[in-house]
Amino acid sequence: MDIENKARIHWACRRGMRELDISIMPFFEYEFDSLSNKDKHTFVRLLECADPDLFNWLMNHGRPEDEELFSMVKLIQERNKNRGPVEI
């Protein structure tokens with residue numbers, strides 16, 4: 001997926017699982033534009049992972065073996081925590 005195609009990335013952020021939507025959608029909306037190109041690519045790679053894996057990683061029930069994906073998970077968690085609660 002092309003990092004310049006924000007509409008497609010936005011669509012990929014919509015997971016259909018409330019817990020994932022609460023984590024991924026706000027991160028995309030508030031943080032994506034400020035990421036480096038490398039981090040944008042890593043975020044897109046993370047979106048290509050299966051929902052059960054994403055859920056487990058974002059809820060701290062395991063971690064990806066890929067260090068870049070793990071760093072992105074931690075970044076999402078950190079930025080979301082700093083931003084405060086999200087209402088959907």
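Atoms considered below: every heavy atom in the structure, side chains included; atoms not considered: hydrogens, waters and symmetry mates. Predicted model only: the values in this text are computed from it and were never measured.
Under a hydrophobic-cluster definition in which Ile, Leu, Val, Met, Phe, Trp and Tyr are linked whenever side-chain heavy atoms come within less than 4.5 Å, directly or via other members, Phe70 and Val44 are assigned to different clusters.
Remark: Met72 CE to Leu58 CG distance equals 11.0 Å, nearest 0.5 Å. Here the CD1 atom belonging to Ile24 is positioned 7.5 Å from the CG atom belonging to Asp51, to the nearest 0.5 angstrom. Going from atom CD of Glu31 over to atom CG of Asp39 covers 11.0 Å, rounded to the nearest 0.5 Å.
The minimum heavy-atom distance between Cys13 and Leu47, with the atom names listed, is SG-CD1, 3.9 Å. Gln77 approaches Trp57 most closely through the heavy-atom pair NE2-O, 3.4 Å. Of all the heavy atoms in Asp33 and Lys6, the pair that sits closest is OD1-NZ, 2.7 Å. Considering every non-hydrogen atom in both Phe32 and Ile9, the closest pair reads CZ-CD1, 3.7 Å. Annotation for Asn80 and Ser23: closest pair ND2-O, 2.8 Å, computed over non-hydrogen atoms.
In this structure the side chain of Lys74 reaches within 4.5 angstrom of the side chain of Asn60, judged on heavy atoms. Side chains of Met17 and Leu54 form no contact here, defined as non-hydrogen atoms less than 4.5 Å apart. Looking at Tyr30 and Arg79, their side chains never come closer than 4.5 Å, going by heavy atoms from C-beta outward.
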Evaluate Leu35 against Phe27 for side chain to side chain contact (heavy atoms under 4.5 Å, CB included), listing each step before the verdict. CA-CA 11 Å; Leu35 296 176; Phe27 180 81; 4.0 Å; yes
Show your reasoning for whether side chain to side chain contact (heavy atoms under 4.5 Å, CB included) applies to Glu68 and Ser71. CA-CA 5 Å; Glu68 287 181 350; Ser71 293; 5.7 Å; no
Applying side chain to side chain contact (heavy atoms under 4.5 Å, CB included) to Val73 and Arg63, what does each step give before you reach the verdict? CA-CA 8 Å; Val73 167; Arg63 59 171 279 180; over 6 Å; no
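By the 6.0 Å contact criterion, CD on Glu65 is open, its count of non-hydrogen atoms from other residues, nucleotides or ligands being 12 or less.
In summary, of the residues considered (Ile76, Leu69, Ile3), a side chain to side chain contact (heavy atoms under 4.5 Å, CB included) with Phe43 occurs for Ile76 alone.
His10 is linked by a ring-ring contact (aromatic ring centres under 6.0 Å, His included) to Phe28, counting only residues two or more places apart in sequence or in another chain.
In this structure, Arg15 contributes its side chain and Met25 its backbone to no donor-acceptor pair below 3.5 Å.
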